[in-house]
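Note sheet for the following structure.
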Amino acid sequence: MCGVVGVAAHEPVNQILYDALTMLQHRGQDAAGIVTLQDGRLYLRKENGMVRDVFMNRHMQRLVGKFGIGHVRYPTAGTSSSAEAQPFYVNSPYGITLAHNGNLTNAESLAKSLYQDDRRHLNTDSDSEVLLNVVAHEMQNLNKTHPTPDDIFEAVTAVYSRCEGAYGVVALITGHGLLAFRDPNGIRPLVFGERLAANGGTEYMVASESVALTGSGFSIIRDVKPGEAIFIDLNHQLHTHQCVEPKEYTPCIFEYVYFARPDSIMDNISVYKARLRMGEKLGQKILKEWGKDHDIDVVIPIPDTSRTSAMELALMMNIKYREGFMKNRYIGRTFIMPGQQQRKKSVRQKLSPVPLEFKGKNVLLVDDSIVRGTTCHEIIQMARDAGAKQVFFASAAPPVKYPNVYGIDMPVRSELIASGHTVEQVRQIIGADRLIFQDLNDLIDAVKDTKHSKVEGFDCAVFNGCYITGQINEAYLEHLQERRSETAKIGKEGMQIVSDTPVDMTGVEEM
Ligand SMILES: O=P(O)(O)OC[C@H]1O[C@H](OP(=O)(O)OP(=O)(O)O)[C@H](O)[C@@H]1O
Ligand SMILES: NC(=O)CC[C@H](N)C(=O)O
Ligand SMILES: [Mg+2]
């Protein structure tokens, strides 16, 4: 789940982008990149690593200009090589650079047609490079030296007709402005806002999450609508256009469960409030299924993401809430790390128990979700080692059973612990004394907010196997498995090191 940001300011944009990427760091820890635009020249810095490690002072000084875009990456296609760090760039037409959150589900056939029909070269296996080249080709088709905003929207409309899947996109068009657009179902989030510049002009930011805006003093205008594009020209004029009829407005429900920061508002739904409601619903289910004599002495969250739900669950069940696990603040999120070995190792490095909260007690551990089971398996053992009498486990999301194809790296069914296993079997595998999952209807009820939001439903494919964009069949999922299983990834990463040639950045000052 990458994070994207674009800014059109009246002052140098480098620090604003850096700060925004820091606010979006939880969406991607693998690579980070910024491109700025000044006097018709692009300046790029991108590399593997966290934001704080990628941008040194010397890079920041050279990222000049008042327009720019940025990206933090969590790979869901290709490899985690630095050659696939974003933003990507093509020099023709105009010089376009693009950053993408999401996943194209027809990237392979697009790559073929880009080569065969459009005579375009792709240098990586990244679907985002495919998307950029489709954008570039459709801009080229305009055949205009000075495209108007309407021309640009016409090109984006053609992009929509070719690209399937999920995308929240920001792009800079050299000499013209900042473009952003969102997939027709609004699966991936994209929000924009404005602030008053010191010179009295208006500055704009568009980003994956509202925290990026509010953290830099931008006020939210609204979410980019599904199928809509926005364009801010070099005179800071905002243009918006509904390029295609929106399909059913169905954002990814996993954003609310895990990905987004709790202080973000997405599609007018407060992530924090949604998580509180998840805790409340889960507490109600526990009371219903385990009864009043549930035997739980204390509720303990698995930091960080489950904290909000666990707190509300404890409150509604009238049980003590205790921070029994401490998190090492210098270790990132485990789930979005690229390899299983790394994920496993970091659970123990990241979390350590406070033994007095476990000794002789029946503890209810609450997590936001169980995906591969890496976290809960380790954590339950740690709770036992710390002296817990019985270890119960509750997940604020239903069992994750199906692969994700829209920008979450869960490509293989067999790697998901709840796929092909009953709840009882999962309980045995993870070693819990009791295990309970949220019901999908309760999760949906917890997230939906009909009072404030126009959202019509959610992409719940990881829970129910319904892929809302269609065209996702068994053959597609099997093919995905071949390309992106843990074993396939290890093979590819190895190959990529030897063939890690830089993308053609002709004309871009790279650092
Ligand atoms: O079953 P698994 O495959 O282990 O995945 C689920 C776990 O991974 C995530 O935590 P993560 O450490 O990524 O981030 P957090 O600190 O935000 O909770 C999530 O919150 C669960 O704890
Ligand atoms: N998580 C994402 O949004 C990934 C974007 C893109 N598919 C990549 O792999 O770089
Ligand atoms: Mg977690």
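None of these values were measured; they are calculated from a predicted model.
- In this structure, the separation between CZ on Arg333 and CZ on Phe259 is 7.0 Å, given to the nearest 0.5 Å.
- In this structure, Lys401 and Val462 have side chains that are not in contact, with every pair of non-hydrogen atoms separated by 4.5 Å or more.
- Separating the OG atom in Ser453 from the CG atom in Asp267 is a distance of 6.0 Å, to the nearest 0.5 Å.
- Under the 4.0 Å criterion applied to side-chain N and carboxylate O atoms, Lys451 and Asp449 are not assigned as salt-bridge partners.
- Here the side chains of Val169 and Leu98 are in contact, with some heavy-atom distance below 4.5 Å.
- Counting only N and O atoms by type, the side chains of Thr124 and Glu84 include no donor and acceptor under 3.5 Å apart.
- Here the side chains of Cys2 and His71 are in contact, with some heavy-atom distance below 4.5 Å.
- Of all the heavy atoms in Gly33 and Leu21, the pair that sits closest is O-CD1, 3.6 Å.
- One side chain, Gln428 or Glu424, offers a donor N or O that lies under 3.5 Å from an acceptor on the other.
- Scanning all heavy atoms of the two residues, the minimum distance from Lys448 to Ile269 falls at CA-CD1, 4.5 Å.
- Ring geometry for Tyr167 against Tyr160 counts as tilted: the plane angle lies between 30° and 60°, on a 0 to 90° scale.
- Between Tyr402 and Gly465, the closest heavy-atom pair is CD1-N, 3.2 Å.
- The closest side-chain heavy-atom distance from Phe325 to Glu357 is not below 4.5 Å.
- Ring geometry, Phe335 versus Phe254: the interplanar angle falls from 30° to 60°, so the pair is classed tilted.
- Remark: Arg162 pairs with Ser113, Asp118, Glu138 by the side-chain hydrogen bond (donor to acceptor under 3.5 Å, both in side chains) rule, at least two apart or across chains.
- The side-chain tip of Lys46 points at the ring of Phe88 from less than 6.0 angstrom away and within 45° of straight on.
- Two residues are said to be in side-chain contact when any heavy atoms from C-beta on lie closer than 4.5 Å; Glu280 and Glu312 meet this criterion.
- Using modelled atom types and a 3.5 Å distance limit, the side chains of His26 and Glu209 yield a donor-acceptor pair.
- Looking at heavy atoms from C-beta onward, Val191 lies out of side-chain contact with Val224 at the 4.5 angstrom threshold.
- The two residues Ile69 and Gly6 make their nearest non-hydrogen contact at CG2-CA, 4.0 Å.
- Looking only at side-chain heavy atoms (C-beta outward), Val405 and Leu477 come within less than 4.5 Å of each other.
- Each of Ile444, Leu443, Thr250 was checked for a side chain to side chain contact (heavy atoms under 4.5 Å, CB included) with Cys460, and the lone residue meeting it is Ile444.
- Remark: Arg322 fails to qualify as a cation-pi partner of Phe358 under the 6.0 Å distance and 45° angle criteria applied to the six-membered ring.
- Residues meeting the side-chain hydrogen bond (donor to acceptor under 3.5 Å, both in side chains) test with His479, sequence neighbours left out: Glu108.
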Show, in sequence, the C-alpha distance, side-chain angles and deciding distance for Ile300 and Leu364, and conclude whether the side-chain contact (heavy atoms from CB on, under 4.5 Å) test is met.
CA-CA 6 Å; Ile300 294 179; Leu364 175 67; over 6 Å; no
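- Classification of Asp433 and Arg384 as a salt-bridged pair holds, one side-chain N sitting under 4.0 Å from a carboxylate O.
- Between the side chains of Thr105 and Tyr406, no donor-acceptor pair is found at a separation under 3.5 Å.
- In this structure, CE in Met278 is found 9.5 Å from CG in Leu276, a value given to the nearest 0.5 Å.
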Going through the distances and angles, do Asp409 and Thr76 end up as a side-chain hydrogen bond (donor to acceptor under 3.5 Å, both in side chains)?
CA-CA 5 Å; Asp409 195 29; Thr76 59; over 6 Å; no
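- Between Lys320 and Asp297 there is no salt bridge, since no side-chain nitrogen of the basic residue lies less than 4.0 Å from a carboxylate oxygen of the acidic one.
- A salt bridge between Glu228 and Arg222 is present, with a side-chain N of the basic residue lying under 4.0 Å from a carboxylate O of the acidic one.
- For the 3.5 Å distance criterion, the side chains of Ser128 and Gln86 qualify, holding a donor opposite an acceptor.
- A 4.5 Å side-chain heavy-atom check between Glu456 and Lys247 finds every atom pair outside the cut-off.
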With side-chain contact (heavy atoms from CB on, under 4.5 Å) as the test, would you mind laying out the steps for Phe458 and Ile187 before giving the verdict?
CA-CA 8 Å; Phe458 297 94; Ile187 301 175; over 6 Å; no
